[in-house]
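Because only heavy atoms are used, hydrogens play no part in the values below, and waters and symmetry mates are left out as well, while side chains stay in.
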Amino acid sequence: MDIVKSVVRYENWLEKALQGDVNRDDIGEKHKKMAAGSFQFLRGTYWRWAETINEPKVCPELGRAPQVLCVGDIHVENFGTWRDADGRLIWGVNDFDEAAVMPYLHDIVRLATSAVLADVPGITMQTICKRILEGYQAGIARPIPYILDRRHKKLRQVAIVSESDRRDFWTKFDPELIRLEMEKEEAKAPEKRKRSKVRPVTSMLPQFRKALDAAKPNASIKFEYYERTAGTGSLGRRRYFGVGEWLGDLVIREAKAIVPSGWHYARNTKGTLSCELIATGKFRAPDPFYRLEGDVLLRRLSPNDFKIETEPRDKKAKADKERESHRLVKRSAVINDEALHAMGRDIAAIHRATDTKNRIVDDFPTHKTTWLLDAVRRAQAKVEGDWRKWYEHFHAGASAEPKKTRRSAKAKKKPAKKADPTDQ
């Protein structure tokens, strides 16, 4: 099945899974992001990765690895910070929407592939793979969370929120500032107005309001409710937040629709929603506000609870991203020796939580040193091939050609030569 048919099929399934409660405009936004480049395409198409990664010409060997509860939709922009129950600043994976039991090597290959597709000058595919594997090995040996208050200075520098970041955050979530922004847009000519990333709620299914009200730190708080557009892979699913004053300032809670992992979708299997189970695993210092209520995921929003995203090279794309995320960094800040090592280590700690029989501990050393490099080359080729077909479909009739990543261009010049998760 080609990528265009795959997108249609998945979105039909998504609409059915959400009982028709999808945001069509956000799906259009997702299609646009998918066409922007192979890096964003990977972020927006986890189900496609799950469909194709074990194909004979991609990475069939990954399917033979031991299975544990995995992140699934892992990539270099799927890390961020939060405060744990003791108020400590924690860094690590902070999006588990696609979590499922699968062969553990999939997470390693997908993370490395995303780092390669990010196309950061000065770091090679070989270095990316080496650093992630070194981190993973360290995480197997000593699975612990990343607590930034005293250690990990370089990661802390990326994660600490500046005054401008804090100001930008509240610009997006303060009801008074939201109203001012809406008034500014309304004053513009219709053709110059931007679609708002935050919109007052006109209607909301009862489960979302019930979940948001239950998440209030105090029942007396009066929430104003908004729907917002954010993310890439989850675009199309409803995402709401409630904001209200408590003890002199604002508090925010977000509710997002959750559907079964794309891993189960691709295999037509019935799996449980595992995001809360993996987020609160044995070796995590979890966000105490992260919890699943039925098929609604709840979390706190604050300047200290955020996903660290990277700046697109395109100025318009960067400005658009700034409207939905309050923490953007240069790609080199999260794709470097230390950060890649930390990512590999954090994933290993996540995997170890359900590796009750030490299967990955025994399996990991058996792979030859070049296994990840070989797998990433094949995975990259598959992702870029799908992206080019999607780009052509999305821009049908346009004269522009998709931009090649530096690595791809070089390659062209070369001569042809909620149960026990382990039982799911």
Side-chain angles (χ1 to χ4, degrees), residues 6 9-11 13-14 16-18 42-55 58-75 77-79 92-114 136 139 231-234 236-237 256-284 286 290-297 299 343 346-357 359-360 363 375 379 383 418-424:
S6 178
R9 182 172 175 264
Y10 177 75
E11 289 174 358
W13 172 86
L14 181 66
K16 184 177 180 181
L18 294 172
L42 179 77
R43 277 198 59 178
T45 55
Y46 174 68
W47 87 89
R48 180 62 173 176
W49 173 278
E51 280 181 340
T52 61
I53 190 61
N54 286 341
E55 288 181 350
V58 189
C59 300
E61 72 281 4
L62 302 184
R64 298 190 287 270
Q67 299 196 28
V68 295
L69 187 54
C70 293
V71 180
D73 185 20
I74 190 66
H75 49 79
E77 292 188 321
N78 194 0
F79 293 80
V93 178
N94 72 346
D95 186 337
F96 296 99
D97 293 3
E98 302 285 1
V101 172
M102 65 186 73
Y104 78 99
L105 296 181
H106 283 272
D107 273 358
I108 304 174
V109 174
R110 185 172 168 87
L111 175 63
T113 302
S114 76
Y136 195 88
T232 301
S234 61
R237 308 179 202 175
K256 179 171 65 171
I258 297 293
V259 296
S261 170
W263 184 262
H264 293 298
Y265 161 81
R267 282 150 187 76
N268 196 27
T269 55
K270 188 176 181 180
T272 59
L273 299 177
S274 300
C275 51
E276 184 176 24
L277 181 62
I278 192 171
T280 58
K282 183 178 180 181
F283 302 111
R284 306 286 289 167
Y290 183 106
R291 73 175 191 267
L292 191 64
E293 294 284 345
D295 56 1
V296 176
L297 182 64
R299 68 195 315 165
M343 290 176 185
D346 197 51
I347 291 173
I350 291 168
H351 290 174
R352 288 284 277 129
T354 55
D355 184 28
T356 55
K357 298 179 181 178
R359 291 172 295 176
I360 62 174
D363 181 76
V383 172
K418 305 198 177 187
D420 180 354
T422 58
D423 292 334
Q424 292 179 23

Charged N to carboxylate O under 4.0 angstrom, [X] versus [Y]?
X: E98; Y: R237; answer: yes
X: D73; Y: R43; answer: no
X: D346; Y: R284; answer: yes

Measure the [atom1]-[atom2] distance between [X] and [Y] for me, rounded to the nearest 0.5 Å.
X: R291; Y: C275; atom1: CZ; atom2: SG; value: 12.5 Å
X: L111; Y: N78; atom1: CG; atom2: CG; value: 9.5 Å
X: D363; Y: L105; atom1: CG; atom2: CG; value: 6.0 Å
X: S234; Y: I258; atom1: OG; atom2: CD1; value: 8.0 Å
X: E276; Y: L297; atom1: CD; atom2: CG; value: 8.5 Å
X: K282; Y: T356; atom1: NZ; atom2: OG1; value: 9.0 Å

For the residue pair [X] and [Y], what are the closest heavy atoms and their distance?
X: A99; Y: S261; answer: O-CB, 3.6 Å
X: V93; Y: I74; answer: CG2-CD1, 3.8 Å
X: R352; Y: G139; answer: CG-O, 4.2 Å
X: A100; Y: L69; answer: C-CD1, 3.6 Å
X: P103; Y: A65; answer: CB-O, 3.7 Å
X: R359; Y: T354; answer: NH2-O, 4.4 Å

Within-4.5 Å side-chain heavy-atom neighbours: [X] and [Y]:
X: P60; Y: E55; answer: no
X: K256; Y: V296; answer: no
X: L62; Y: V109; answer: yes
X: W49; Y: T113; answer: yes
X: Y136; Y: I347; answer: yes
X: Y46; Y: R110; answer: yes
X: I350; Y: F96; answer: yes

- Hey, would you say the H106 and W263 ring centroids sit under 6.0 Å apart?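 When the ring centroids of H106 and W263 are compared, they turn out to be within the sub-6.0 Å range.
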- For F79 and M343, what are the C-alpha separation, side-chain angles and deciding distance, and is it a side-chain contact (heavy atoms from CB on, under 4.5 Å)? CA-CA 8 Å; F79 293 80; M343 290 176 185; 3.5 Å; yes
- Message: Applying side-chain hydrogen bond (donor to acceptor under 3.5 Å, both in side chains) to R9 and Y265, what does each step give before you reach the verdict?
- Response: CA-CA 11 Å; R9 182 172 175 264; Y265 161 81; 3.0 Å; yes
- Task: I would like to know whether V259 and W13 meet side-chain contact (heavy atoms from CB on, under 4.5 Å); could you show each step before the answer?
- Result: CA-CA 10 Å; V259 296; W13 172 86; 4.0 Å; yes
- Message: Parallel, tilted or perpendicular: which one describes the rings of W47 and Y10, with boundaries at 30° and 60°?
- Response: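 Plane angle under 30°, so parallel.
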- Task: I would like to know whether N54 and R267 meet side-chain contact (heavy atoms from CB on, under 4.5 Å); could you show each step before the answer?
- Result: CA-CA 11 Å; N54 286 341; R267 282 150 187 76; 3.6 Å; yes
